[in-house]
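Written below as structure tokens is the structure these notes are about.
When a residue number appears, it is its place in the shown sequence, counting from 1.
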Amino acid sequence: MLPVVSLMALWSYAAVTTVAVIGDTERAKDVNSELLAPVAEFVTALQGERTAAMRYAARRTETGLDNLRADQQTTDKTVTALRAGISSSSSDAALIDAGLPDRLETLEADFSDLAALRAGTTGSGTRDAVSTAYTEYSTVIDHAFAVTGALTSEKGTDATSEARVVLELSRVRDAVAREQALLAAATASGTLSKEQYARFVGAVATQRELLRPAVADLKAEHRPAYDVLLDGDSYAALVKVEDGVTDAGAGPVSAAVLQDWDASSAAVLKGLAAAEEDAGTGAAAKADVFGWDTLGASGVAVVLGLAGVLLSLLVSVGVGRGLIVELLDLRNSALEVAGRRLPQAMRKLHAGQGVDIDAEAPMRRLAGDELAQVGTALTAVQRAALKAASERAELLSGISGVYVSLARRSQVLLHRQLDLLGVMEQRQREQQNDAELYDLYRIDYLATRMRRHSESLLILSGIAPGRGWRDPIALTDVLRAAVAEIEDATRIQVWAVPKVSLNGGSVADVIHLLAELVENAAAFSPPSTKVQLRAARLRDGILIEVEDSGFGMNEEAMAEANRKLRSEKVDLLDAKQIGLFVVNRLADRQGLRVELRQSTDGGVAAAVFIPENLIRDDMPVHQEPADDGHFPAPASAPASARIRQQQRQR
């Protein structure tokens, strides 16, 4: 989305710029219609009134008065229009130019003084009236030009020439109008005073100095109207009269010099007014806000930019949706592999079943875009995991086979050794040789432990041990048999045991499980302490507890040990605490529950729960304890030998 957003930002900038151009054009048209055009019409009307007023002041005639009043009515109409425009734009005047409000106030004051000005010019026929009319009217016109000058800072439309150039041409036209007014007064009075002559020469100089440079600065489309005028007969006649008057100097006016003056000056003023309007107010009024001259390349850029933004957005959405679909497929494939296929294959491997790696994770070719390559990489990871798990399963299977082979061989030898020890123990008992008998008992303990370790190998390998009972065995004998399988049996204290029996099929596993827990408790507690072995009858089974007085375990170690006791998987490559894995397998096979917890004495207590389906009641649960409150522990050496003898017979 970043390229699309960037493109939208550029398009927004172009759109804002274009809207600003449209706004500027609208504002320029409003200024043109409200101020520029009314001011231009007012100046034209006032210039005509000035000429009529000076002619009438120089020679009072009824015809001159009628012409003056007609021009005054025309001026009054333009004043009304200009006042309406000033009222409409008064709130925006200060925004256009800081000095514009003051200039508008001055011009409005001139409107109010027009009546006094007219009365002064028509009150007497002296030259002072002519001079006053010229000065006062010209001052008002200058004030109007000041308003126009303030508006040159406002940006116009592209259809008009530069406002400064148009203002210079307005002053050119006013210079010609001044010449016309001065010569009109001179013609009426018959003489051109020195003051009038000086003003005439100044007007001619101003007109000729500004006209041609200003025309050159116009837009190309606005210059032809001025070129036609400058090359025409009327302007040539005007120049001829200007030169004649200038050469004649002040004094009586010669009719030959002023020949064709009225016609040529009127034609030139009319042509200048028309050309000025085409270059300024007329062009602004005709300007199209949404036309090519206004919008031009920026409008095309906005339209094309919008099309580009929409096209880019469509392409981006299409590409994005395609990427999202591919990413979703890749994610679903990865989740399918991680959540179902790979764990299922792992379970097959742990169960000893073979797995076809090519079928589970067919290899993809490294082709396509980056997402396809990621999919190929995930498949390669899956194949590597399956291969490693398969090799590990094969290794574990091989190790298990080795365990079984070694355990079977050791069992055969240990059974023969225990049988031989039984014969030797019997012979020493008959000979009452206690010293030799005690040593034989110690060897018997060691052989019994070795047999249990061999059975542990079989259990970890998933093979049932060879020992087993058909008939139920009393729980007391089961506990004593478990105690008899450890070396330091004298440290085990067996408390009162409920008179119940265990089913024969579970006896061997329970004895092995309890022997592992009892041996572990004895190994991790001080030699001077006792290991407590208790059993209690519950409503739905038997709870056996093995408690030591050792240093205990921290919470992390306790949690890890319980995790190994409850885990469904046994890692044969984990050499630490193999006894916990043996207990795990035995408990799982018989449906027992085993848990380690902190003892109240600071050691560790192992709780074993035997469910009701493995138990047979031989008497009521609440039986009377022995004289000392608990069963003596451990069994004596002859009794232990008797129990082991029974086990061998079984």
Side-chain angles (χ1 to χ4, degrees), residues 40-59 61-75 77-78 121 130 133-134 137-138 140-141 144-145 169-190 192 196 199-208 210-212 214-215 224-246 248 253-282:
E41 292 174 358
F42 170 72
V43 168
T44 301
L46 197 61
Q47 287 170 346
E49 183 179 341
R50 178 179 59 186
T51 300
M54 291 180 66
R55 180 181 287 116
Y56 177 75
R59 185 177 181 181
T61 63
E62 290 296 329
T63 303
L65 181 60
D66 293 339
N67 292 335
L68 176 59
R69 288 176 178 174
D71 288 337
Q72 288 175 348
Q73 291 178 356
T74 303
T75 303
K77 292 180 181 179
T78 60
T121 57
V130 175
Y134 181 86
Y137 278 105
S138 298
V140 175
I141 292 173
F145 282 145
L169 292 173
S170 297
R171 292 188 179 279
V172 168
R173 183 164 61 90
D174 183 57
V176 175
R178 292 189 182 202
E179 294 174 21
Q180 185 188 46
L182 290 170
L183 290 184
T187 302
S189 63
L192 183 66
Q196 292 174 342
R199 288 174 175 173
F200 181 84
V201 173
V204 171
T206 301
Q207 176 253 124
R208 294 183 178 182
L210 295 178
L211 180 56
R212 293 189 181 277
V215 171
Y226 282 96
D227 293 338
V228 170
L229 177 65
L230 295 177
D231 295 336
D233 295 337
S234 297
Y235 185 74
L238 177 73
V239 172
K240 181 179 179 181
V241 172
E242 290 174 344
D243 292 340
V245 173
T246 302
V253 178
S254 173
V257 174
L258 297 179
Q259 187 179 3
D260 298 329
W261 167 253
D262 289 336
S264 61
S265 61
V268 170
L269 284 174
K270 184 177 179 180
L272 288 174
E276 178 186 335
E277 183 179 2
D278 289 340
T281 58

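Side chain to side chain, Thr78 and Glu41 fail the donor-acceptor criterion of an N or O pair below 3.5 Å.
Phe42 pairs by the ring-ring contact (aromatic ring centres under 6.0 Å, His included) definition with Phe111, not counting sequence neighbours.
Closest approach of Gly271 to Leu229, counting heavy atoms only: C-CD2, 3.9 Å. For Val43 against Ala144, the heavy-atom pair with the smallest separation is CG2-CB, 3.5 Å. Residue Ala177 comes nearest to Leu269 through the heavy atom pair N-CD2, 3.7 Å, listed as atom of the first residue, atom of the second, then distance. When all heavy atoms of Leu192 and Leu182 are compared, the pair lying nearest together is CD1-O, 4.4 Å. Across all their heavy atoms, Ser234 and Ser264 have their closest contact at O-CB, 3.5 Å. For Ala186 against Val253, the heavy-atom pair with the smallest separation is CB-CG2, 3.8 Å.
Ion pairing between Asp243 and Arg208 holds under the 4.0 Å rule for side-chain N and carboxylate O.
Counting only heavy atoms from C-beta outward, the side chains of Phe200 and Glu242 approach each other to under 4.5 Å. Here the side chains of Val241 and Leu183 are in contact, with some heavy-atom distance below 4.5 Å. In this structure, Leu169 and Tyr226 have side chains that are in contact, with non-hydrogen atoms separated by less than 4.5 Å.
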*asked:* Checking Leu211 against Tyr235 for the side chain to side chain contact (heavy atoms under 4.5 Å, CB included) test, could you report, in this order, the C-alpha distance in whole Å, the side-chain angles of both residues, the deciding distance, and whether it holds?
replied: CA-CA 12 Å; Leu211 180 56; Tyr235 185 74; 3.5 Å; yes
*Might you work through the side-chain hydrogen bond (donor to acceptor under 3.5 Å, both in side chains) test for Gln47 and Gln180, ending with a clear yes or no?*
CA-CA 9 Å; Gln47 287 170 346; Gln180 185 188 46; over 6 Å; no
*With side chain to side chain contact (heavy atoms under 4.5 Å, CB included) as the test, would you mind laying out the steps for Trp261 and Leu238 before giving the verdict?*
CA-CA 7 Å; Trp261 167 253; Leu238 177 73; 2.9 Å; yes
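Expressed to the nearest 0.5 Å, how far OG of Ser189 lies from CD of Gln196 amounts to 6.0 Å. How far CD of Gln73 is from CD of Glu49: 10.5 Å, rounded to the nearest 0.5 Å. Atom CD1 in Ile141 sits 11.5 Å away from atom OG in Ser170 (nearest 0.5 Å). The CZ atom of Arg199 sits 7.5 Å away from the OG atom of Ser138 when rounded to the nearest 0.5 Å. Remark: Arg55 CZ to Thr187 OG1 distance equals 7.5 Å, nearest 0.5 Å.
Residue pairs that meet the salt bridge (charged side-chain N to carboxylate O under 4.0 Å, His left out) test with at least one member in residues 173-184, sequence neighbours left out, are Arg50-Asp174, Asp142-Arg178, Arg173-Glu276, Asp174-Arg178.
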Output a table of donor-acceptor pairs, distance under 3.5 Å, between side-chain atoms of residues 62-72 and any protein atom two or more places apart or on a different chain; print 'none' if there are none.
| unit_1 | atom_1 | unit_2 | atom_2 | d |
| --- | --- | --- | --- | --- |
| Asn67 | ND2 | Thr63 | O | 3.3 |

